[in-house]
Amino acid sequence: MARKKIIAGNWKMNMTPSEAVELINTLKPLVATEKADVVFCVPAIDIIPAMEAAKGSNIQIGAENMYFEEKGAYTGEISPAMLTDVGVKYVIIGHSERREYFAETDETVNKKVLKAFEHGITPIVCCGETLTQREQGVTIDFIRQQIKIAFLNVTADQAKTAVIAYEPIWAIGTGKTATSDQAQEVCSAIRACIREIYDEATAEAIRIQYGGSVNASTAAELFAKPDIDGGLVGGAALKPDFGKIVNY
Ligand code: 13P
């Protein structure tokens with residue numbers, strides 16, 4: 001069975017709640033499609049107004065992060081139950097910005113992935129190499145390690161529903177999109193890694209996105225690749241251009 005594409009926006013630390021409502025109202029008609037899943041991952045404080053604004057449309061609202069404990073003395077964190085209580089179905093886990101600025105590691109990513117599944121939230125698990133690692137020729141080794149640790153103790157049935165976002169760090173926010181061949185090579189290696197950990201059925205079911213300077217002119221070629229099942233879009237998700245990416 002063909003995998004359904006999933007095009008997600010990662011708003012990062014942009015858009016106040018009132019700006020979020022305005023942007024969703026603008027984008028709603030532009031991203032209306034049955035062909036792909038459309039997810040807007042928004043700042044925690046925007047989730048509830050974004051849900052309201054997206055009601056009746058095909059837009060699903062996701063979170064950008066979540067903590068791996070149930071509740072308690074973790075000032076400033078958002079729990080999985082807080083997300084599910086308002087209907088969140090997707091959460092980005094282990095974005096490179098969280099790894100770089102907020103000390104997330106492969107181990108915390110794994111804890112968060114397990115916790116998300118426990119609560120029925122689909123994790124969008126991020127991985128990606130630095131420019132140095134690419135130049136050193138260790139990209140695939142590095143990504144395989146990130147994936148293997150992120151999926152420790154995750155069952156095949158859970159993994160089948162997961163989303164992985166391959167985001168080379170050198171391509172994020174730089175305007176330097178990976179070529180479709182570069183992106184395909186790594187996405188195919190990720191699928192092979194999942195096949196190795198689990199089995200063919202899991203590898204065929206899991207959806208793998210590319211992220212890093214995706215825009216209206218690069219989306220079509222990237223998403224046409226056999227192992228690229230959509231995109232995780234930063235900057236361009238905040239503009240009407242996102243409609244063009246969704247309808248690539
Ligand atoms: P840009 O699309 O702005 O490069 O960001 C990509 C990204 O980090 C999405 O998670």
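One-based numbering along the sequence shown.
Sorted by first then second residue, the salt bridge (Lys or Arg N to Asp or Glu O under 4.0 Å) pairs that include residues 192-202, not counting sequence neighbours, are R144-E196, R195-E200, R195-E204. Pairs engaging residues 7-21 under the salt bridge (Lys or Arg N to Asp or Glu O under 4.0 Å) rule: K12-E97 [sequence neighbours left out].
Remark: the N215 side chain and the S217 side chain contain an N/O donor-acceptor pair separated by less than 3.5 Å. Using modelled atom types, one finds no donor on one side chain facing an acceptor on the other under 3.5 Å when comparing E100 with H95. If you check the side chains of T132 and E135, you find no donor sitting under 3.5 Å from an acceptor. With no hydrogens or angles considered, a side-chain donor-acceptor pair links Y166 and E129 at under 3.5 Å.
Under a cut-off of 6.0 angstrom, the local environment of CD1 in I45 is sparse, with at most 12 non-hydrogen atoms contributed by other residues, nucleotides or ligands. Counting non-hydrogen atoms of other residues, nucleotides and ligands closer than 6.0 Å to CD1 of I48 gives a total of 12 or fewer.
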Handout entry: side chain to side chain donor-acceptor pair (under 3.5 Å) evaluation trace for S180 with E221
Key = CA-CA 6 Å; S180 56; E221 193 185 325; 2.6 Å; yes
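Under 4.0 Å is where a charged nitrogen must lie from a carboxylate oxygen, and between K112 and E104 at least one such pair does.
Relative ring orientation between F40 and W11 is described as tilted, the plane-to-plane angle lying within the 30° to 60° band. Y248 and F223 have perpendicular rings, their planes meeting at more than 60° on a 0 to 90° scale where under 30° would count as parallel.
Partner L114 forms a side-chain contact (heavy atoms from CB on, under 4.5 Å) with one of V109, T155, N153 and no other, that one being N153. The side-chain contact (heavy atoms from CB on, under 4.5 Å) with Q209 is formed by just one residue from the set V233, L222, V163; it is V163.
Taking the side chain as every heavy atom from C-beta outward, V186 and S188 never approach each other to under 4.5 Å. Residues V246 and T33 are in side-chain contact: their nearest non-hydrogen atoms beyond the backbone lie under 4.5 Å apart. At a threshold of 4.5 Å between non-hydrogen side-chain atoms, the residues Q184 and T179 do not count as touching.
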